[in-house]
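Okay, so here's the structure we're looking at.
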Amino acid sequence: MKQKITGFHLDREDHWVADLECGHRQHMRHAPPWTVRPWVLTEDGRRSRLGVELDCKRCDEAGHAVAEAVREALRTVALRAYDDGGLSGLCAEGRWELALDALGAADLRPVIRRALAPERGEKALVSARMILRPLLPDDASAIQRLAGDREVAANAAGIPHPFEDGMAEAWIASLDARSHVFALSHSESGEFMGLAGLVEADVERPRTAELSYWLGRAYWGQGFGTEAAQTLVRYGFETLGLESLHASCFSRNPGSRRVLEKAGFRHAGHQARALRHLGQDEDLDRFIQERSRSHP
């Protein structure tokens with residue numbers, strides 16, 4: 001897909017990069033004899049290339065991903081309509097209208113959002129004291145170190161204990177396009193503090209996601225959880241275009257309840273003995289937040 005050059009900037013290694021109108025970027029190195037672009041070395045040369053169209057491979061990749069996701073979603077909708085209608089062959093006179101009606105009513109927006117999720121996930125989110133950056137495989141050791149604390153695991157339903165070698169790597173590798181997970185890093189020191197994220201629901205419950213977070217014990221009680229939750233709420237509604245967010249916490253954890261309430265969630269119910277975690281039955285309180293006028 002052709003995209004116009006709108007500007008240039010230097011990357012961390014002092015290589016020139018072209019900014020494209022689609023928001024993507026491409027390196028414009030001058031590295032003879034393999035790549036000869038002497039014009040990129042001068043301001044006049046770079047200015048002369050503004051408006052020139054380049055083939056954006058990342059736009060092409062995104063387009064292919066969307067097309068494949070839409071194709072598969074429509075196939076699933078048609079087959080479900082076929083099964084629900086009791087169709088048993090091509091001779092079912094007139095009843096293919098059921099499939100056509102289902103295709104016409106299909107909401108493809110969540111399917112497209114999921115297909116483009118890797119594009120969105122590359123951008124870090126900035127809050128007052130933290131940077132919520134995309135999760136990297138190299139974060140596995142820090143995840144194991146902080147989440148390996150039994151007190152941390154005891155307050156987060158998804159964290160096992162003991163937290164053994166390889167668990168963090170396997171979990172990171174399992175994340176799919178529906179998972180928008182960010183590493184919480186201190187904006188001044190850069191230290192890894194924990195994780196926060198949104199996991200979108202499947203096609204059966206479109207346009208909603210579950211919010212979760214955890215912090216290393218050294219960062220408890222300082223408002224970092226609230227800051228992360230508020231940032232993800234804005235991201236979910238304003239960037240992902242979700243209609244609602246869900247969250248839960250152990251009923252015995254009033255701190256997590258306050259975090260969710262400060263982030264705009266309202267209590268939606270109590271579930272006794274909802275799950276068994278680290279050898280004991282846990283009650284859960286569930287919360288919900290819906291899109292409002294403040295989140296267009």
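In this structure, the side chains of Glu191 and Tyr219 come closer than 4.5 Å at one or more pairs of heavy atoms. Side-chain contact check for Arg286 versus His246: every heavy-atom pair is 4.5 Å or farther apart. Counting only heavy atoms from C-beta outward, the side chains of His30 and Val36 approach each other to under 4.5 Å. Using a 4.5 Å heavy-atom threshold, the side chains of Leu245 and Val233 count as touching. Using a 4.5 Å heavy-atom cutoff, the side chains of Ser127 and Leu125 are not in contact. Taking 4.5 Å as the limit, every side-chain heavy atom of Arg37 sits out of range of all side-chain heavy atoms of Trp16. Within the 4.5 Å cutoff, side-chain heavy atoms of Val40 are placed close to those of Arg46. Side chains of Ser248 and Glu210 form a contact here, defined as non-hydrogen atoms less than 4.5 Å apart.
Applying the ring-ring contact (aromatic ring centres under 6.0 Å, His included) definition to pairs two or more places apart or across chains, those involving residues 252-274 are His267-Phe287. Residue pairs satisfying the salt bridge (charged side-chain N to carboxylate O under 4.0 Å, His left out) criterion with at least one member in residues 270-282, sequence neighbours excluded, are listed as follows: Arg252-Glu282, Arg273-Asp281, Arg276-Asp281.
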message: If you apply the rule side chain to side chain contact (heavy atoms under 4.5 Å, CB included), what do you find for Leu184 with Leu132, and how did you get there?
response: CA-CA 5 Å; Leu184 306 179; Leu132 286 70; 3.5 Å; yes
- prompt: Under the side chain to side chain contact (heavy atoms under 4.5 Å, CB included) criterion, do Phe192 and Arg133 qualify, and how do the steps go?
  reply: CA-CA 10 Å; Phe192 180 92; Arg133 60 169 177 76; 4.1 Å; yes
field: Criterion side chain to side chain contact (heavy atoms under 4.5 Å, CB included) on Tyr213 and Thr226, from CA distance to verdict
entry: CA-CA 10 Å; Tyr213 74 95; Thr226 299; over 6 Å; no
query: How far apart are the C-alpha atoms of Leu195 and Phe182, what are their side-chain angles, what is the distance that settles it, and do they pass the side chain to side chain contact (heavy atoms under 4.5 Å, CB included) test?
result: CA-CA 6 Å; Leu195 296 176; Phe182 297 86; over 6 Å; no
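Between atom NZ of residue Lys4 and atom CG of residue Leu20 there is a gap of 12.5 Å, rounded to the nearest 0.5 Å. Atom CD in Glu200 sits 3.5 Å away from atom NE2 in His180 (nearest 0.5 Å). Summarising the geometry, atom CE belonging to Met130 is positioned 6.5 Å from atom CZ belonging to Phe224; distances are rounded to the nearest 0.5 Å. Rounding to the nearest 0.5 Å gives a distance of 16.0 Å between CZ of Arg49 and OG1 of Thr6. Here the CG-CD distance, from Leu242 to Gln289, works out to 11.0 Å after rounding to the nearest 0.5 Å. A distance of 12.0 Å separates CD1 in Ile172 from OG in Ser179, rounded to the nearest 0.5 Å.
Put simply, Val152 and Leu278 are part of two different groups of oily side chains (I, L, V, M, F, W, Y) that touch within less than 4.5 Å, one to the next. Grouping the Ile, Leu, Val, Met, Phe, Trp and Tyr side chains by contacts below 4.5 angstrom, directly or via other members, places Val126 apart from Phe237. Hydrophobic clustering keeps Ile131 apart from Tyr235 (ILVMFWY residues linked when any side-chain heavy atoms are closer than 4.5 Å, directly or through intermediates). The hydrophobic cluster containing Ile159 also contains Ile143, counting ILVMFWY residues as joined when their side-chain heavy atoms lie under 4.5 angstrom apart, directly or transitively. Under a hydrophobic-cluster definition in which Ile, Leu, Val, Met, Phe, Trp and Tyr are linked whenever side-chain heavy atoms come within less than 4.5 Å, directly or via other members, Val259 and Val199 are assigned to different clusters.
Met167 and Pro160 get closest at one heavy-atom pair: SD-CG, 3.7 Å. Nearest heavy-atom pair across Leu135 and Ala183 is CD1-CB, 4.3 Å. Closest non-hydrogen pair, Leu211 versus Ala247, comes out as O-CB, 3.7 Å. Contact detail for Ala156 and Trp214: the closest heavy-atom pair is CB-CB, 4.3 Å. Here the closest heavy-atom approach between residue Leu232 and residue Gly197 is recorded as CD1-N, 3.3 Å. For the residue pair Leu146 and Gly194, the shortest heavy atom distance occurs at CD1-N, 4.3 Å.
By the neighbour-count criterion of 12 heavy atoms within 6.0 Å, atom CD of Gln280 is densely surrounded, having more than that number from other residues, nucleotides or ligands. Residue-environment remark: CD (Glu151) exceeds the threshold of 12 foreign heavy atoms within 6.0 Å.
A donor-acceptor pair is defined here as one N or O able to donate and one able to accept, closer than 3.5 Å; such a pair exists between the side chain of Gln144 and the backbone of Phe163.
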